[in-house]
**Student:** 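After the structure tokens below, expect a handful of questions from me.
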Amino acid sequence: MKRGTRIAVIGAGLGGATVAALLQRAGFEVRVSEQARSFDRIGAGIHVSANVMKVLRHLGAEAGLSRIGIHPDMFTSRQWDSGEILFELPLGETGERKYGAGYITVHRHDLHLAILDKVQPGTIATGQRLTDVGSDGAVARLRFADGSSADADIVIGADGVNSRVRQAVAGPSKARFTGAVAHRAIYPAALLGGMEVRNCTKWWGPASHILIYYIEQSRDDIYLVTSAKGEWDSPEPWVHCGRDEVARAFAGFHPEVRKVIETAPQPTKWPILDIAPIDTWSKGRLVLLGDACHAMTPYMASGAAMAIEDAAVLARCLVQSDDHAAAFALYQASRKPRVDKVQRISAENSFLRSPTDPAWVFGYDAVTVPLGLQPQ
């Protein structure tokens with residue numbers, strides 16, 4: 001497409017920032033609108049698997065993030081009560097050789113900053129909430145809550161599970177509460193009083209699980225994230241909760257798990273949401289990526305990975321196609337079968353519980369994979 005094409009990205013999260021940076025580097029005129037007024041360091045860790053690291057390498061962000069994050073030598077699945085090892089997946093140098101890049105755990109904010117650093121300065125408008133978007137064939141028009149408006153040749157909706165752009169593409173839809181909540185906490189590992197914690201371990205219970213890992217090479221901070229049955233009636237995206245609530249949800253778990261929970265100073269609770277799948281990811285000059293079109297449960301630690309992969313593939317499709325319609329069709333054909341498979345397996349919450357070869361996930365390279373429909 002012509003490099004003078006004006007592209008508006010709605011949402012400066014991981015997927016939105018990635019697609020903006022890649023398209024700017026390819027010579028497109030890209031502006032990003034983000035409803036948040038600032039990018040705060042909210043307490044969450046994240047797995048950055050090899051398929052994501054390859055996109056970060058292409059962006060020039062891999063090396064810096066690798067110096068911050070911790071490189072686990074193993075992903076370990078353990079039985080909730082006995083601690084029996086169910087499966088160990090070698091990572092570290094072994095994983096890097098097999099999958100083509102490293103695997104790290106890191107604070108989500110550090111990943112976000114590494115990507116934002118590659119977006120051209122002055123091209124992200126914060127505090128700008130989209131209220132309406134439409135396309136009349138020749139141009140897309142956007143209106144924002146602050147009274148401002150803009151025109152664009154292409155609009156990329158990277159605005160998450162409550163996407164306003166998705167409404168314009170696929171009609172009204174709401175995020176669905178899955179009946180499970182996630183408890184999260186980050187705190188100084190020194191509070192554990194010297195107790196050894198095996199890094200990057202998922203403890204599998206009958207109807208719940210907890211994942212515990214460090215988020216930087218110093219091992220100064222430890223992170224826990226759970227999934228447990230629960231209720232949600234708050235209008236807020238997350239709330240504080242008492243550690244007693246978390247402890248009750250994991251009563252009977254192994255002593256190591258209970259110690260990590262009972263030491264957490266201030267856990268938070270988040271609803272686990274998804275959206276009904278949509279068959280079409282674009283309409284006119286509007287196109288979706290990430291949670292805006294395929295929000296999924298977090299049980300493969302792949303929601304952010306799919307958004308970042310989407311961004312890389314969409315950028316490639318726009319670069320090589322003659323018009324936006326051809327680019328959008330190629331993008332959906334290239335991505336939807338893979339995303340559908342990840343959504344399905346993530347919903348099952350079975351990934352890496354037992355001996356598994358995850359090469360189809362981690363070995364994928366969104367920067368070089370052939371475009372178009374591929375066998376899954």
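Values below: every heavy atom of this structure, side chains too, minus hydrogens, waters and symmetry copies. The first residue in the sequence is number 1, and the count goes up from there.
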**Student:** May I ask you to test the M53-V48 pair for a side-chain heavy-atom distance under 4.5 Å?
**Tutor:** yes
**Student:** State yes or no: do I104 and L113 share one hydrophobic cluster built from I, L, V, M, F, W and Y residues joined by side-chain heavy-atom distances below 4.5 Å, directly or via other members?
**Tutor:** no
**Student:** Quick test of your reading of the model: are D274 and R176 salt-bridged, counting only N-O distances below 4.0 Å?
**Tutor:** yes
**Student:** In Å and rounded to the nearest 0.5 Å, what is the SG to CG distance from C293 to D279?
**Tutor:** 12.0 Å
**Student:** Step through the shown structure and confirm whether more than 12 heavy atoms of other residues, nucleotides or ligands are within 6.0 Å of CZ on R344.
**Tutor:** yes
**Student:** Is R25 close to L23 at the side-chain level, that is, under 4.5 Å between some pair of heavy atoms?
**Tutor:** no
**Student:** Could you tell me if the side chain of I156 sits less than 4.5 Å from the side chain of L314, heavy atoms only?
**Tutor:** yes
**Student:** Please name all residues satisfying side-chain contact (heavy atoms from CB on, under 4.5 Å) with T76, sequence neighbours left out, ordered by chain then number.
**Tutor:** M74, R78, I85, E88, R198, T201
**Student:** Is the NZ or CZ atom of K341 positioned over W360's six-membered ring, under 6.0 angstrom from the centre and within 45° of the axis?
**Tutor:** yes
**Student:** Is it true that atom NZ of K98 has more than 12 heavy atoms of other residues, nucleotides or ligands lying nearer than 6.0 Å?
**Tutor:** yes
**Student:** So how far is it from L130 CG to Q35 CD, rounded to the nearest 0.5 Å?
**Tutor:** 9.0 Å
**Student:** Check for me whether R353 meets the cation-pi criterion with F87, that is, NZ or CZ under 6.0 Å from the six-membered ring centre and within 45 degrees of the ring axis.
**Tutor:** no
**Student:** Is T297 close to L273 at the side-chain level, that is, under 4.5 Å between some pair of heavy atoms?
**Tutor:** no
**Student:** Is the NZ or CZ atom of R219 positioned over Y214's six-membered ring, under 6.0 angstrom from the centre and within 45° of the axis?
**Tutor:** yes
**Student:** Would H209 and Y299 satisfy ring-ring contact (aromatic ring centres under 6.0 Å, His included), going step by step from the backbone distance to the final call?
**Tutor:** CA-CA 10 Å; H209 70 253; Y299 304 142; 5.3 Å; yes
**Student:** Might you work through the side chain to side chain donor-acceptor pair (under 3.5 Å) test for D153 and H324, ending with a clear yes or no?
**Tutor:** CA-CA 9 Å; D153 300 307; H324 66 275; over 6 Å; no
**Student:** With a 4.0 Å cut-off, would you call D159 and R166 a salt bridge?
**Tutor:** no
**Student:** Near Q120 CD, under 6.0 Å, is it more than 12 heavy atoms from other residues, nucleotides or ligands?
**Tutor:** yes
**Student:** Could you see if I308 belongs to whatever hydrophobic cluster contains F362? Use Ile, Leu, Val, Met, Phe, Trp, Tyr and a side-chain cutoff under 4.5 Å.
**Tutor:** no
**Student:** Would the number of heavy atoms belonging to other residues, nucleotides or ligands and lying under 6.0 Å from CG of D322 be above 12?
**Tutor:** no
**Student:** Kindly determine whether R258 and F250 satisfy side-chain contact (heavy atoms from CB on, under 4.5 Å), including the steps that lead there.
**Tutor:** CA-CA 7 Å; R258 297 203 307 272; F250 291 86; 5.9 Å; no
**Student:** Is the ring pair H47/Y213 parallel, tilted or perpendicular, if the boundaries are 30 and 60 degrees?
**Tutor:** perpendicular
**Student:** Does the side chain of S346 reach to within under 4.5 Å of the side chain of Q343, using non-hydrogen atoms?
**Tutor:** no
**Student:** State plainly whether the residues D110 and R41 are in salt-bridge range, i.e. N to O under 4.0 Å.
**Tutor:** yes
**Student:** Hey, does W232 have a side-chain heavy atom less than 4.5 Å from the side chain of V239?
**Tutor:** yes
**Student:** Do R335 and W281 form a cation-pi contact, if we require the NZ or CZ to be under 6.0 Å from the six-membered ring centre and within 45 degrees of the ring's axis?
**Tutor:** no
**Student:** Going by heavy atoms in the side chains, are Q332 and V287 under 4.5 Å from each other?
**Tutor:** no
**Student:** Can you tell me which residue among W204, W203, F253 is in a ring-ring contact (aromatic ring centres under 6.0 Å, His included) with W80?
**Tutor:** F253
**Student:** Hydrophobic cluster membership, with links at side-chain heavy-atom distances under 4.5 Å among I/L/V/M/F/W/Y: are V119 and L65 in one?
**Tutor:** no
**Student:** Quick test of your reading of the model: are E245 and K269 salt-bridged, counting only N-O distances below 4.0 Å?
**Tutor:** yes
**Student:** Within the 4.5 Å heavy-atom criterion, are L330 and S321 side-chain neighbours or not?
**Tutor:** yes
**Student:** Check this for me: R3, atom CZ, are more than 12 non-hydrogen atoms of other residues, nucleotides or ligands nearer than 6.0 Å?
**Tutor:** yes
**Student:** If two hydrophobic side chains count as joined below 4.5 Å and joins carry through other members, does Y364 share a cluster with F351?
**Tutor:** yes
